[in-house]
Amino acid sequence: MALVLTALLQNGAKCVGKTVMDELAFGITGENKHYGTPINPKVQSNTPGGSSSGSAVAVAAEFVDFALGTDTIGCIRLPASFCGILGFRPSHQAVSTIGLIPNSQSLDTIGWFARDPSVLRRVGHVLLKVKAVEPKRERRLVFADDLFQLSKVTKQKTVYVVSKAIEKLSGYQPPQHINFSQYVASNVPSLKAFGQNSSNLQYGISALKALSSVMVSLQSYEFKTNHEEWVKNVKPRLGPEISHRVLAAINTKYENVKVLYKVGTEMRAALQSLLKDDGILVIPTIVDPPPKLNSMKDYSTEFHDRACAVLSIASMSGGCQACVPLGNDAGCPVSVSFVSCHGADKFLLDAVLDIYASLQDQVSIAFKSALLPDVNGNMDASQW
């Protein structure tokens, strides 16, 4: 039994079942051709997100108070966003992975989902083994403006909501704004080796496109190291998309692997330098709505690239990230993510608990504002 399960059971949790996920934790839609795809209770015609799809759906459907999952390149954060619930990816190696079959050990984490921020925090206290009392620190929110420009959700429903939520709360410094892609380009020099034409992406996020390329290469390289022999001997019957990715990982010849790890080291230092011990980076969890079910044939490379661009920040820095729901847009859940540097897990969980009620109040206010007639007397609630 995995050590995290033992710890939770010893602290009063009750295990009620196991859940479906993407095969080999290698997908991001949550679809599974063998066991069926868990139904997203918030948008039943759309994917629940993966790879930890079943765990996210179990929480969103209120079957359980919380659920565990793994997060390598976004497998907690993406389904949390698509299912409109809280999700937490801890700092790399902050939670024991003993008993976990590795996908990519340099990126793997065990995370969790919840609907209630106090439950999210309580699970964290058990798994992270944090000290009961730590000195309270002021919080400094840093908005990645360029990433919110990439998002298809208007900033009125994300940046504005978060900004208004902290106005009346104590312990928050005035928010800051940054072009995060430019910051990464300037502070992670090894990314220059992965420079590529990103003309198909908006707002010149070439640095994060390169970072996501490194993340995917690192995952594929370590997956090959861990599982090549098993894949070749067993020849597992996989769904077409997962099979394509697994075979690509197994058949690729990886060169200059050391630079992949160097990028991770530089990225962790860059995030630490930006956030220090009081900063929280605010980003969109995902920049596109969940794809329709059974749309893999139309699955856009651009969708994958845009998703990995924002998901690579925490994965490659080893930092912690909390996904927080913010209502709906065009019938689909909306979320933002708060990212802190490696080791700041308790600080981030405390911040989420502190700000959550105010965030939901601002979401309700924004919803009511969207229902008001416009200057021409027309009612427009199409986006809510």
**Student:** Ignoring hydrogens and geometry beyond distance, is a side-chain donor-acceptor pair present between E23 and H34 at under 3.5 Å?
**Tutor:** yes

**Student:** For Q93, what residues pass the side chain to side chain donor-acceptor pair (under 3.5 Å) criterion, not counting sequence neighbours?
**Tutor:**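 With neighbours one apart ignored, the set is empty.
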
**Student:** Does a donor on one side chain sit under 3.5 Å from an acceptor on the other, for E222 and S106?
**Tutor:**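 Yes.
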
**Student:** If the threshold is 4.0 Å, N to carboxylate O, is there a salt bridge linking D350 and R139?
**Tutor:** no

**Student:** Counting heavy atoms not belonging to Q173, are there more than 12 under 6.0 Å from its CD?
**Tutor:**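 Result for CD/Q173: enclosed.
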
**Student:** Is it the case that the ring center of F88 lies less than 6.0 angstrom away from the ring center of W112?
**Tutor:** yes

**Student:** Which residues pass the side chain to side chain donor-acceptor pair (under 3.5 Å) test with S45, sequence neighbours left out?
**Tutor:** K292

**Student:** Checking side-chain polar atoms at under 3.5 Å, does N103 have a donor or acceptor matched by the opposite partner on Q219?
**Tutor:**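 Short answer, yes.
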
**Student:** Looking at R137 and D278, is any side-chain nitrogen of the basic one under 4.0 Å from a carboxylate oxygen of the acidic one?
**Tutor:** no

**Student:** Other members of the hydrophobic cluster containing V246, with the 4.5 Å side-chain heavy-atom rule, please.
**Tutor:** L24, F26, F223, W230, V231, V234, L238, I242, I250

**Student:** Is there a side chain to side chain contact (heavy atoms under 4.5 Å, CB included) between V352 and V324? Walk through the geometry before answering.
**Tutor:** CA-CA 8 Å; V352 170; V324 180; 4.2 Å; yes

**Student:** Is the F143 ring parallel, tilted or perpendicular to the F148 ring (thresholds 30°, 60°)?
**Tutor:**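 Ring orientation of F143 relative to F148: tilted.
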
**Student:** Are Q156 and T154 close enough that a side-chain donor and a side-chain acceptor fall under 3.5 Å?
**Tutor:** no

**Student:** Please step through side chain to side chain contact (heavy atoms under 4.5 Å, CB included) for the pair F63 and V16, ending with a clear verdict.
**Tutor:** CA-CA 9 Å; F63 297 148; V16 298; over 6 Å; no

**Student:** Under 3.5 Å, which donor-acceptor pairs do the side chains of residues 76-86 form with other protein atoms, sequence neighbours left out?
**Tutor:**
from, atom 1, to, atom 2, distance (Å)
R77, NE, D71, OD2, 3.0
R77, NH1, L311, O, 2.9
R77, NH1, Q321, OE1, 3.1
R77, NH2, D71, OD1, 2.8
R77, NH2, S315, OG, 2.9
S81, OG, S335, OG, 2.9

**Student:** With sequence neighbours excluded, what pairs up with S91 under the side chain to side chain donor-acceptor pair (under 3.5 Å) test?
**Tutor:** D345

**Student:** Is the number of heavy atoms from other residues, nucleotides or ligands under 6.0 Å of I101 CD1 greater than 12?
**Tutor:**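 Check fails, neighbour count at 12 or below.
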
**Student:** Kindly determine whether V263 and F194 satisfy side chain to side chain contact (heavy atoms under 4.5 Å, CB included), including the steps that lead there.
**Tutor:** CA-CA 10 Å; V263 167; F194 300 90; 4.1 Å; yes

**Student:** For the residue pair T72 and S104, confirm or rule out a side-chain donor-acceptor distance under 3.5 Å.
**Tutor:**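 Result is no, nothing qualifies.
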
**Student:** Pair D354, Y172 - check side-chain hydrogen bond (donor to acceptor under 3.5 Å, both in side chains), show working.
**Tutor:** CA-CA 11 Å; D354 184 61; Y172 290 84; 2.7 Å; yes

**Student:** State plainly whether the residues E241 and R245 are in salt-bridge range, i.e. N to O under 4.0 Å.
**Tutor:**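 Looking at E241 and R245, the cut-off is not met.
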
**Student:** Of all residues at least two apart in sequence or in a different chain, which pass the side chain to side chain donor-acceptor pair (under 3.5 Å) check with S190?
**Tutor:**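 With neighbours one apart ignored, the set is E266.
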
**Student:** For atom NE2 of H244, is the number of surrounding heavy atoms from other residues, nucleotides or ligands below 6.0 Å larger than 12?
**Tutor:**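 At most 12 heavy atoms, drawn from other residues, nucleotides or ligands, come within 6.0 Å of this atom.
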
